[in-house]
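Report on the structure given below.
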Amino acid sequence: MDLLCNAYLNASDDEEPDRWNPPKRLKPDVAAPNAQPKASYSQIYTPTQPTGAPVPGRYISKRERVVMGSNHVTTDSNQSPALPPSPSVLGNISDANLPHHILSSLRGRAQGAACKGRMPGKLSVGLNGHIKAVNTISWSPNHAHLLASAGMDKHVCVWNVWSKEDKKARVFSYHHAAVKEVRWSPLGQFILSCGFDCCSRIVDIEKGVESQNFREDQAVTTVKFHPDNSNLFLSGGSKGLLKLWDIREGKAVHEYVRRLGPILDVEFMIDAKRFISSSDVSNSNLSENSLIVWDLSREVPLSNQ
């Protein structure tokens with residue numbers, strides 16, 4: 001036993017005792033001149049935004065769908081926004097969508113039909129659009145399918161009477177009070193309206209915009225275009241004043257003053273050098289002044305009834 005113990009002791013004395021060797025310090029990697037930098041974890045796993053159409057069959061995450069949807073919405077800073085249509089323009093004023101038999105009747109092609117510019121007697125239609133009483137209506141002198149109306153609701157409407165679509169083609173709301181009368185220009189391109197807001201207004205039918213307005217110090221109850229000169233029109237009002245307006249100058253060029261009641265109507269005579277006015281004389285004893293013939297240029301009455 002002693003011999004065995006001595007053998008083990010001698011063997012352990014011959015071996016070199018183990019020494020603790022600290023781990024060697026790793027030298028930093030020195031990148032080669034042309035070597036590419038290693039990608040970081042975030043760079044490897046950061047999803048890229050799709051730049052084109054997705055590959056068919058590939059799964060598209062919710063985040064990618066949101067990004068793709070936002071990419072399709074692009075705006076051009078140099079592009080002006082589209083203007084909304086004018087609220088005055090509601091429909092078409094041409095006769096292109098009229099029924100054939102009505103169009104033929106209006107143009108005088110069918111047997112027994114009325115001539116162009118005149119109302120056929122056997123046609124009827126209902127027009128609903130004003131919300132208050134209608135004061136006046138007027139047919140276009142050049143387009144037999146167009147009718148203008150004005151009422152107590154402050155609106156002037158232009159109707160494409162025989163249209164298969166929306167019959168109310170224009171609605172003008174430029175007056176601030178009830179509209180008393182509406183007239184077409186001789187060429188049918190404009191309408192002239194007047195009302196209790198003390199204004200006469202000219203509106204372009206095609207564009208649906210007001211081109212001029214003429215203000216007075218009385219409610220305007222009647223207007224009338226000169227038959228030979230569409231730049232002139234007469235107006236009469238609640239204070240008995242009559243005026244001849246020149247559209248080119250934008251002002252009254254003649255005034256016809258005589259202590260009359262409110263003017264009810266005016267009408268040019270055949271030669272267009274004279275006109276007749278009618279007035280309300282119910283509050284006066286001057287009954288002979290209810291109808292007066294005026295000289296247009298000299299501003300003097302020629303006779304009265």
Side-chain angles (χ1 to χ4, degrees), residues 85-99 102-103 105-106 114 116-214 219-225 230 233-238 262-267 278:
S86 172
S88 303
V89 178
L90 301 181
N92 196 346
I93 60 175
S94 71
D95 57 2
N97 59 349
L98 268 62
I102 293 179
L103 185 61
S105 178
L106 294 176
K116 183 179 179 181
R118 296 176 56 190
M119 271 296 298
K122 295 183 179 181
L123 296 176
S124 63
V125 65
L127 303 174
N128 300 313
H130 289 280
I131 59 176
K132 291 186 179 181
V134 177
N135 289 328
T136 182
I137 59 173
S138 178
W139 285 98
S140 170
N142 304 90
H143 308 285
H145 61 288
L146 295 182
L147 174 72
S149 63
M152 300 298 292
D153 56 2
K154 309 176 188 178
H155 294 161
V156 176
C157 298
V158 176
W159 306 85
N160 192 342
V161 177
W162 315 114
S163 173
K164 295 180 290 185
E165 300 175 359
D166 191 358
K167 299 182 185 300
K168 186 189 291 186
R170 301 287 188 272
V171 176
F172 305 120
S173 306
Y174 298 110
H175 284 278
H176 306 301
V179 186
K180 184 64 173 62
E181 196 165 54
V182 61
R183 302 280 190 177
W184 290 84
S185 65
L187 298 179
Q189 298 174 338
F190 304 91
I191 57 172
L192 172 66
S193 59
C194 64
F196 294 98
D197 58 352
C198 303
C199 281
S200 301
R201 302 176 185 272
I202 295 179
V203 178
D204 188 308
I205 295 297
E206 184 66 29
K207 298 178 180 178
V209 296
E210 180 185 273
S211 57
Q212 284 179 282
N213 67 80
F214 308 87
V220 187
T221 54
T222 184
V223 287
K224 183 74 173 182
F225 272 106
S230 59
F233 73 89
L234 280 170
S235 72
S238 58
I263 304 298
L264 302 177
D265 199 5
V266 292
E267 185 65 49
S278 64

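All residue numbers refer to positions in the sequence shown, counting from 1.
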(request) Determine whether L127 and K167 make a side-chain contact, defined as any pair of heavy atoms from C-beta on separated by less than 4.5 Å. (result) yes
(request) For N135 and V179, indicate whether the former's side chain and the latter's backbone hold a donor-acceptor pair under 3.5 Å. (result) yes
(request) Compare every heavy atom of S230 with every heavy atom of P186, then report the nearest pair and how far apart it is. (result) CD-CB, 3.7 Å
(message) On a heavy-atom basis, which atom in G188 and which in N142 lie closest, and how many Å separate them?
(response) N-OD1, 3.2 Å
(message) Determine whether K180 and D265 satisfy the following criterion, salt bridge (charged side-chain N to carboxylate O under 4.0 Å, His left out), listing intermediate values before the conclusion.
(response) CA-CA 11 Å; K180 184 64 173 62; D265 199 5; over 6 Å; no
(message) Just verifying a value: how many Å separate S140 OG and L187 CG, rounded to the nearest 0.5 Å?
(response) 10.0 Å
(request) Would you mind reporting whether K224 and V266 have side-chain heavy atoms less than 4.5 Å apart? (result) yes
(request) For H175 and S193, test the side chains for any donor-to-acceptor distance below 3.5 angstrom and give the result as yes or no. (result) yes
(message) For W139 versus L146, what's the shortest heavy-atom pair and its separation?
(response) CE3-O, 3.3 Å
(message) Within the 4.5 Å heavy-atom criterion, are W159 and K168 side-chain neighbours or not?
(response) yes
(message) Using side-chain heavy atoms (C-beta onward) and a distance below 4.5 Å, is W184 in contact with I205?
(response) yes
(request) Look up atom CZ in R170 and atom CD in E206, then write down how far apart they are to the nearest 0.5 Å. (result) 6.0 Å
(message) Can you tell me how far apart CZ (F225) and CZ (R183) are? Round to the nearest 0.5 Å.
(response) 10.5 Å
(request) Would you mind reporting whether C157 and H130 have side-chain heavy atoms less than 4.5 Å apart? (result) yes
(message) For a quick test of reading the model, state the closest non-hydrogen atom pair linking V203 to Y174 and the distance between them.
(response) CG2-CD1, 4.0 Å
(request) Answer yes or no: is there a donor N or O on one side and an acceptor on the other, between the side chain of D153 and the main chain of I131, under 3.5 Å? (result) yes
(request) Report yes if some heavy atom in the side chain of L147 is under 4.5 Å from a heavy atom in the side chain of I137; otherwise report no. (result) yes
(request) Indicate yes or no: at least one non-hydrogen side-chain atom of I191 is less than 4.5 angstrom from one of V158. (result) yes
(message) Using the rule side-chain contact (heavy atoms from CB on, under 4.5 Å), only one of L234, T222, N213, V220 pairs with S200; which is it?
(response) V220
(message) So, taking the atom named CZ in F214 and the one named SG in C198, what distance separates them when rounded to the nearest 0.5 Å?
(response) 15.5 Å
(request) Answer whether the closest heavy-atom distance between the side chains of K154 and S173 falls below 4.5 Å. (result) no
(message) Please check this pair: side chain of Q212 against backbone of I202, looking for a donor-acceptor N/O pair closer than 3.5 Å.
(response) no
(request) First locate atom CZ of R201, then atom OG of S211, and finally report the distance between them rounded to the nearest 0.5 Å. (result) 11.5 Å
